[in-house]
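Written below as structure tokens is the structure these notes are about.
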Amino acid sequence: MQFESSLINLILDALKIITPDVKIKPEDIIISSSEDPSRGDFSTNCALKLSKLFSLPPMDLGQKIVDIVLSKKPAFLDSVKLVSPGFINLFLSAKAFQGKLLEFLENSKDYLSPNIGNGKKVLLEFLSANPTGPLTIAHGRHAACGDTLANILKAAGYKVTREYYYNDSGRQMDILGSSLHVRYLQLLGERKRMFKEGYSGYYLQEIARKMIEKHRKAYSKEKNLSIFTRFAEKEILKDIKEVLSLFRIKFGSWIKETRFTRGAKVKKLLAYLKEKEETYEKDGALWFKSTKYNDAKDRVLVKSTGELTYLVPDLAYHKFKYERGYDRIITILGPDHHGYIQRLMAGIKAMGLDDTKFTTKILQVVSLYRGKKKLRMSTRAGEFVTLRKVIDEVGVDAAHFFLCMRGMDAPLDFDLELAKKESAENPVYYIQYAHARICSVFKFARQKGFAIDKLKNINLGIINRKEEIELLKKILGYSGVIKRGAEVLETQGLTAYLLELASLFHQYYNKYRFITDDDDITKARLLLAQAVRIILSHGLKLLGIKSLKKM
RNA sequence: GCGCCUGUAGCUCAAUUGGAUAGAGCGCUUGGCUACGGACCAGGAGGCUGGGAGUUCAAAUCUUCCCAGGCGCGCCA
């Protein structure tokens with residue numbers, strides 16, 4: 001069991017003694033680890049928070065809690081101190097920490113995975129780039145963050161499905177097909193110019209070349225351009241999947257929009273909304289009363305031409321998400337979609353679905369720099385650095401780390417030149433180096449006759465130096481980081497934590513030796529290093545980064 | 001104009017979601033390699049958290065008004 005749980009129970013018991021009839025839940029007691037040693041190992045603000053409920057001044061309530069806790073003298077506590085304005089600082093014994101190290105090594109799973117998910121099913125939709133061009137660095141951020149978030153959720157005990165939804169029809173896809181058509185005819189020698197809205201990127205020329213290789217002139221007189229759309233879609237998706245595979249990311253589910261544009265599903269959905277009086281007709285179009293659900297304005301569902309708007313298949317898609325029985329449905333969207341969320345939410349409510357299961361996260365933009373120069377990006381104009389190129393330049397590991405390093409709602413500056421120039425001092429190398437260093441220590445230890453997996457009769461009482469306790473505290477804090485990441489749906493807590501852990505390890509390494517003349521000390525310290533290694537490796541894996549034995 | 005996001009050290013960003021003295025990295029600067037890997041470590045300088053008012057034991061965090069930047073506001077997708 002984690003220290004926090006034991007401490008919460010301790011406080012709860014004390015509160016029960018003070019006033020038996022006041023009901024306090026474990027969630028009401030917040031135990032936080034202290035960064036300043038003078039404030040103990042952990043502290044709680046419960047006396048401040050609960051002072052009104054108990055109608056006692058914080059210091060008085062705090063004193064009562066402290067008195068009761070002290071009277072019990074639990075073995076793992078050294079001392080308890082009340083500090084103005086009402087914080088209670090808890091000092092744990094070194095022995096308590098030593099015991100946890102042993103527990104960690106014997107059953108590390110419990111300390112790596114907080115299990116707040118309880119096997120609940122989560123659908124995480126992310127990336128969902130339409131197949132109109134190669135993936136860019138912005139897509140890379142969606143891919144890296146989404147994937148790591150899925151890993152964190154899984155580590156926290158959820159069952160996660162990664163889903164990719166894309167448009168394979170509609171105006172943009174038509175333009176894509178027409179653009180390929182132009183390139184195709186150009187390559188066959190026709191004098192034809194790319195139209196204004198067309199996709200003029202180089203990749204369509206390559207795809208046109210492939211089409212000629214495969215079909216020669218067969219489609220030179222073709223009037224139905226959907227042949228071209230399908231061909232482009234297929235090639236671009238192939239490229240996207242290839243890059244994702246390079247980027248070590250795998251989706252469990254790929255969903256096409258056309259699945260929801262045809263057949264009975266749409267008719268049924270529209271009929272349902274009509275019956276529930278969520279719609280009305282105006283100017284020959286069918287409107288959705290989304291303002292009923294806090295949308296800024298009502299939205300068209302069926303255009304006066306009889307065509308569907310984007311919203312309709314998307315609503316059908318979200319209904320499909322619910323039909324598959326997920327407990328939570330999370331979608332990561334780009335900032336250009338934030339205006340869309342309200343109407344989607346409105347639709348979910350109008351369809352009678354449980355909107356509390358549904359969460360959207362907006363992932364902010366990435367600006368790519370080469371030194372001071374900002375690189376402009378436009379898929380249509382074909383001006384961009386592809387994700388593939390970025391991976392080539394800075395490597396998969398560094399790319400993953402940098403893209404997961406910032407909060408989702410903070411815009412990210414990604415400087416290629418800096419990433420290359422600094423590659424020797426990259427944070428990701430700093431962490432990987434800590435891991436490699438530990439492996440190297442183990443190798444040396446083995447030569448001296450200490451095999452890490454065969455250590456027995458360890459006297460962990462030797463682990464009692466300030467730096468060692470600090471490392472242990474950090475180690476034990478890992479599952480809390482995972483828990484929090486799963487709660488707030490962020491990746492950057494994990495990257496920050498791993499940097500801190502690596503830093504503590506490097507500090508320790510520089511100050512103390514692992515292999516010493518004293519066998520007991522050697523063994524105990526090797527076990528400490530092993531715990532650090534297990535966490536580094538686990539955390540890096542969640543980030544899609546390799547743990548290296550040698551660098 | 002309306003809506004969303006952002007504003008913290010020279011730069012890029014944190015801050016246990018309202019906690020105690022606001023922290024890292026880069027850059028700048030002073031030091032440290034005859035033992036497990038120097039891709040490392042120890043120290044220093046650098047702040048009115050964009051500005052004002054409010055809420056309370058406690059505000060970078062919440063409310064409100066300004067200022068600055070980004071994005072969105074189609075019978076596009």
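Letters A, B, ... mirror the listed sequences (proteins, then strands); counts begin at 1.
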What's [X] touching, base or sugar-phosphate or nothing? Going by heavy atoms closer than 4.0 Å.
X: A/Tyr512; result: base
X: A/Asp314; result: nothing
X: A/Ser43; result: base
X: A/Lys483; result: nothing
X: A/Ser84; result: nothing
X: A/Gly480; result: nothing
X: A/Asp295; result: nothing
X: A/Pro335; result: sugar-phosphate

Measure the distance from [atom1] on [X] to [atom2] on [N] and round it to the nearest whole Å.
X: A/Tyr430; N: B/C26; atom1: OH; atom2: C1'; answer: 14 Å
X: A/Tyr497; N: B/A15; atom1: OH; atom2: C1'; answer: 17 Å
X: A/Leu48; N: B/A58; atom1: CG; atom2: P; answer: 11 Å
X: A/Glu500; N: B/A24; atom1: CD; atom2: P; answer: 9 Å
X: A/Phe401; N: B/A39; atom1: CZ; atom2: P; answer: 19 Å
X: A/Lys52; N: B/G18; atom1: NZ; atom2: C1'; answer: 13 Å
X: A/Lys511; N: B/C33; atom1: NZ; atom2: P; answer: 17 Å
X: A/Phe414; N: B/C11; atom1: CZ; atom2: C1'; answer: 17 Å

First of A/Ser38 and A/Leu499 reached from the 5' end of RNA chain B, by closest nucleotide: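 Final value for this comparison: A/Ser38.
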
Comparing A/Gln507 and A/Gly339 on RNA chain B - which has the more 5′ nearest nucleotide: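 Nearest-nucleotide comparison on RNA chain B picks A/Gln507.
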
Pick the [atom1] atom in [N] and in [M], then give their distance to the nearest Å.
N: B/U64; M: B/A59; atom1: C1'; value: 15 Å
N: B/C62; M: B/G44; atom1: P; value: 33 Å
N: B/G51; M: B/A15; atom1: C1'; value: 22 Å
N: B/A35; M: B/G19; atom1: P; value: 46 Å
N: B/U34; M: B/G27; atom1: P; value: 25 Å
N: B/G50; M: B/U61; atom1: P; value: 8 Å
N: B/A53; M: B/G46; atom1: C1'; value: 30 Å
N: B/C75; M: B/U16; atom1: C1'; value: 49 Å

From A/Leu15 atom CG to A/Phe54 atom CZ, the distance as rounded to the nearest 0.5 Å: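 These two atoms lie 4.5 Å from each other.
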
Among A/Thr331, A/Asp409, A/Ile341, side chain to side chain contact (heavy atoms under 4.5 Å, CB included) partner for A/Ile362: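 Per the side chain to side chain contact (heavy atoms under 4.5 Å, CB included) rule, the option paired with A/Ile362 is A/Ile341, out of A/Thr331, A/Asp409, A/Ile341.
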
[X] side chain, from C-beta outward: closest of [options]:
X: A/Arg513; options: B/G18, B/A35, B/C13; answer: B/A35
X: A/Gln492; options: B/U16, B/G19, B/A15; answer: B/A15
X: A/Asp413; options: B/U16, B/G37, B/U12; answer: B/U12
X: A/Val488; options: B/U17, B/C41, B/G19; answer: B/U17

Complementary nucleotide of [N], counting Watson-Crick and G-U pairs under 3.5 Å:
N: B/C57; result: B/G19
N: B/C2; result: B/G72
N: B/A77; result: none
N: B/U8; result: none

Side-chain donor-acceptor pair under 3.5 Å between [X] and [Y], yes or no?
X: A/Gln432; Y: A/Asp397; value: yes
X: A/Arg465; Y: A/Tyr508; value: no
X: A/Asp355; Y: A/Tyr293; value: no

A/His318 (side chain) donor-acceptor with A/Asp314 (main chain) under 3.5 angstrom: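 Side chain of A/His318 to backbone of A/Asp314: a pair is present.
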
Test side chain to side chain contact (heavy atoms under 4.5 Å, CB included) applied to A/Arg437 and A/His506, step by step: CA-CA 9 Å; A/Arg437 221 174 200 183; A/His506 285 309; 3.0 Å; yes

Stepwise side chain to side chain contact (heavy atoms under 4.5 Å, CB included) check, A/Leu540 with A/Lys546: CA-CA 6 Å; A/Leu540 286 173; A/Lys546 287 186 172 151; over 6 Å; no

Phosphate contact (B/G37 OP1 or OP2) by A/Ser440 side-chain N/O below 4.0 Å: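 Affirmative; the distance criterion is met.
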
Syn or anti conformation of B/U49, syn meaning chi within 90° of 0: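 Here the answer is anti: the torsion falls beyond 90° from 0.
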
Check: A/Phe442 ring centroid to A/Phe514 ring centroid under 6.0 Å: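 No, they do not, as the ring centres are separated by 6.0 Å or more.
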
Ring centre gap for A/Tyr497 and A/Tyr478 strictly below 6.0 Å: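 Yes - the distance between ring centres of A/Tyr497 and A/Tyr478 falls below the 6.0 Å cut-off.
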
Test: A/Glu233 and A/Arg230 ion pair at under 4.0 Å: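 Yes, this pair counts.
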
Charged N-O contact under 4.0 Å between A/Lys321 and A/Glu163: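 Answer for the salt bridge query: no.
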
Shortest non-hydrogen contact between A/Leu149 and A/Glu490, atoms and distance: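 For A/Leu149 and A/Glu490, the tightest heavy-atom pair comes out as CD1-N, 3.7 Å.
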
Listing time: all N or O pairs from protein to nucleotides 2-7 of chain B that are below 3.5 Å?
| residue | atom | partner | partner atom | Å |
| --- | --- | --- | --- | --- |
| B/G3 | N2 | A/His338 | NE2 | 2.4 |
| B/C5 | O2' | A/Asp409 | O | 3.3 |
| B/U6 | OP1 | A/Asp409 | OD2 | 3.2 |

Enumerate all atom pairs, one protein N or O and one N or O from nucleotides 73-77 of chain B, separated by less than 3.5 Å.
| residue | atom | partner | partner atom | Å |
| --- | --- | --- | --- | --- |
| B/G74 | OP2 | A/Lys297 | NZ | 3.4 |
| B/C75 | O2 | A/Ser304 | N | 2.9 |
| B/C75 | O2 | A/Ser304 | OG | 3.1 |
| B/C75 | N3 | A/Ser304 | OG | 3.3 |
| B/C75 | N4 | A/Asp283 | O | 2.9 |
| B/C76 | OP2 | A/Lys303 | NZ | 2.8 |
| B/A77 | OP1 | A/Lys303 | NZ | 3.4 |
| B/A77 | OP2 | A/Tyr310 | N | 3.2 |
| B/A77 | O2' | A/Asn167 | OD1 | 2.9 |

